[in-house]
Amino acid sequence: MTKLLPYMKKYKIYALLAPIFVILEVLGDIILPYLMSLIVDVGVKNRNTQYIIKTGIIMIIATMLSMLSGIISAHFSARAGHGFASEIRKETFKKIQGFSFANLNDFTVSSLVTRLTNDCNIIGQVTMMSLRLAIRAPFMMLFALVMASGINSSLAKVFFVSIPFTTIVIVLVILKARPLFLKLQTKVDEVNSVIRENLTAIKVVKSFNRQEHEEMKFKKRNDSLRNTALEALSLIISIMPVLNLVIFSTIIAILWFGGQQIVAGSMEGGELIAFITYVTQILIMLMLMSMFFMQFLRGIISVERILEVWGTKSQITEIKNPVKELNDGSISFNNVRFSYPGCHGETLKDINFDIKSGEILGIIGSTGSSKTTLVQLIPRLYDVTEGSVVVDGTDVRDYDIRLLRDQVAFVLQKNTLFSGTIRENMLWGDAEASDEKIIKVLKQAQAWEFVSKYDDTLDHVVEQGGSNFSGGQKQRLTIARALMKDPKIIILDDSTSAVDTATNAKIQRTFKDELADITTIIIAQRISSIQYADRIIVMHEGEIESFGDHETLLDISPIYREIYESQEKGLVG
Ligand SMILES: Nc1ncnc2c1ncn2[C@@H]1O[C@H](COP(=O)(O)OP(=O)(O)OP(=O)(O)O)[C@@H](O)[C@H]1O
Ligand SMILES: [Mg+2]
């Protein structure tokens, strides 16, 4: 909790004012039964109309003031609660942005979404309730107890039985509810994860005719969420009859003992009415407190889930005085070994090679031969397990991480565009770029050829994930976006797989001639995409099988020769 409190700072004033108005509200509520008893015992008994009207007017004013305070406190507590939640949401979002790729494997995306939405909302609601209910109930109970004891201290002994009894019931239920609420939150995560997976892959689902299967999967999780919610709810509801029983037994006891006192002449009728009202107030507040505790419990679980995100340390950390200069795109891998965090076995074994700045390096190898894993180490999406990756003479771990990622542009194998316009997507790479630069870069990536055909060219809309473009168009746009950064090194991970051979050849030529000072790493399945690279690495099961140019590899690498021959014969394409 202490970790979260600083985020209330902006809303401190509301958080302080809300309870003050709550107390004013309580004072109004408390004075009413007392005034009522005066009307009965003094006004009615003495047939004093004047007195009744006067006290009645005071009651109306007290009610109005109490109502007004209630409205103000509700408003302030809502501001404080939701403001607090929004600050926490902002901070959590920021923390997630700082996650490394490895961290992202630790949390599922849907769980992060639930934490950002559901859990933050619950924290906001609980804060709101804490500022109102958690103040109102104890004060109300205390004042009502004082007033009731003031009216008749012997009758107030009834509380010694009813309050402890109710408290025990509530504590028992809360103890039982805790694991249920935890389970509830996990179930929400699970439903969200099915929804997310299904919606992002809805086209695949449809093309495989898997709708029914998906519906079943969803139904199962949804039912399970419903059952857990019902279980939690029935537990909460089970308190109600018990509390009602307590309330009515207490009232009967008071009527019984109070009635005897009235008969004996030691108590007035109006006093008894007021007494019963106070008792009801106390027990209702106890009931509300139990509701609050339930919600508070959910709040604690949500806080824990948020703190879990906050407490996750990014595996990729920066050194104290990072190098802030990167002038050329030379790369060397020295005895690099790598295993994915939490996975057994090495994904990369003893990788050694050097390339000069401006060279074009091709990487080829069967799927799963660790091509992507290898290049991910250059912009530090992961850190090496052993050995070092050096760019421009400096270990990548010693660079300022923003600088490194600006200078090493990585077109991911499964890249995506963001909804907006083409221009907006291009500005990701360089926020200040002119249209001329964007067009120049689009031309280099062979994307201008289709972008220029749209009436609205750069303002053409990009739908979510770039779904309104063909695979090859999307790839060319993502290459252009990477080029916008004016990087020293560009990595194309299978980024032209969907582009036709002629266009692909044009892109290769641009990298060779126009962009000759950029170090280019091209991962490809087709030999034709890397044939003209200065040098080519052949990967095999996490190791470099051979390293050399096209002609050399045809001589020395059986794997390369096999790929070449199969593609020449048109078997693969
Ligand atoms: N995030 C990850 N966590 C654990 N293991 C991973 C992860 N990503 C990849 N791997 C494993 O590492 C190995 C190499 O994968 P990698 O993606 O580097 O292959 P690749 O050569 O790029 O294949 P492709 O040509 O299909 O893209 C595979 O066995 C894969 O299962
Ligand atoms: Mg790959």
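For ligands, and for the atoms within them, numbers begin at 1 and follow the listed sequence. Not measured: the values here are computed from a predicted model. Numbering starts at 1 and runs along the sequence shown.
Ring centroids of Phe99 and Phe101 are separated by 6.0 Å or more, keeping the two rings apart. For Tyr11 and His82, the distance between ring centers is not under 6.0 angstrom.
Close contacts of ligand 1 with Cys343, meaning ligand atoms under 4.0 Å from a residue heavy atom, involve 4 (C). Close contacts between ligand 1 and Gln413 involve ligand atoms 24 (P), 27 (O) [criterion: under 4.0 Å to a heavy atom]. In the vicinity of Tyr382, heavy-atom distances shorter than 4.0 Å reach the ligand 1 atoms 1 (N). Within the listing of ligand 1, atoms 14 (C), 16 (P), 18 (O), 19 (O), 20 (P), 21 (O) sit less than 4.0 angstrom from a heavy atom of Ser370.
Angle OG1(Thr372) to the Mg ion (ligand 2) to OE1(Gln413), rounded to 10°: 100°.
The environment of Tyr454 atom OH is dense: over 12 non-hydrogen atoms of other residues, nucleotides or ligands sit within 6.0 angstrom.
Nearest protein neighbour of atom 25 (O) of ligand 1, counting heavy atoms only, is Lys371 NZ, 2.7 Å. Among protein heavy atoms, atom 23 (O) of ligand 1 sits closest to Gly368 N, 2.9 Å. For atom 1 (N) of ligand 1, the closest non-hydrogen atom on the protein side is Asn105 ND2, 3.5 Å.
For Glu197 and Lys217, the salt-bridge test passes: some basic side-chain N is under 4.0 Å from an acidic carboxylate O. We find that Arg305 and Glu308 are not joined by a salt bridge, their nearest charged nitrogen and carboxylate oxygen being 4.0 Å or further apart. Using a cut-off of 4.0 Å between Lys/Arg side-chain N and Asp/Glu carboxylate O, Arg423 and Asp459 are scored as salt-bridged. Salt bridge Lys95/Glu91: present, at least one basic N to carboxylate O contact under 4.0 Å.
Looking at Gln525 against ligand 1, only its side chain comes within 4.0 Å, counting heavy atoms. Looking at Thr347 against ligand 1, only its side chain comes within 4.0 Å, counting heavy atoms.
The heavy atom nearest to atom 18 (O) of ligand 1, out of those in Thr373, Leu381, Asp494, is found in Thr373. Nearest-residue assignment for atom 17 (O) of ligand 1 (options Thr372, Leu374, Val375; heavy-atom criterion): Thr372. For atom 4 (C) of ligand 1, the choice among Phe338, Tyr340, Phe101 with the nearest heavy atom turns out to be Tyr340.
Of the protein's heavy atoms, at least one falls inside 4.0 Å of atom 27 (O) of ligand 1. By the definition of a contact as any protein heavy atom under 4.0 Å away, atom 30 (C) of ligand 1 is not in contact.
In this structure, the side chain to side chain contact (heavy atoms under 4.5 Å, CB included) partners of Thr108, at least two apart in sequence or on a different chain, are Ser110, Ser111. Scanning for side chain to side chain contact (heavy atoms under 4.5 Å, CB included) contacts around Asp430 gives Glu432, Ala433, Lys437, Met484, with sequence neighbours left out.
Panel note: side chain Gln525, backbone Ser497; no donor-acceptor pair is recorded below 3.5 Å.
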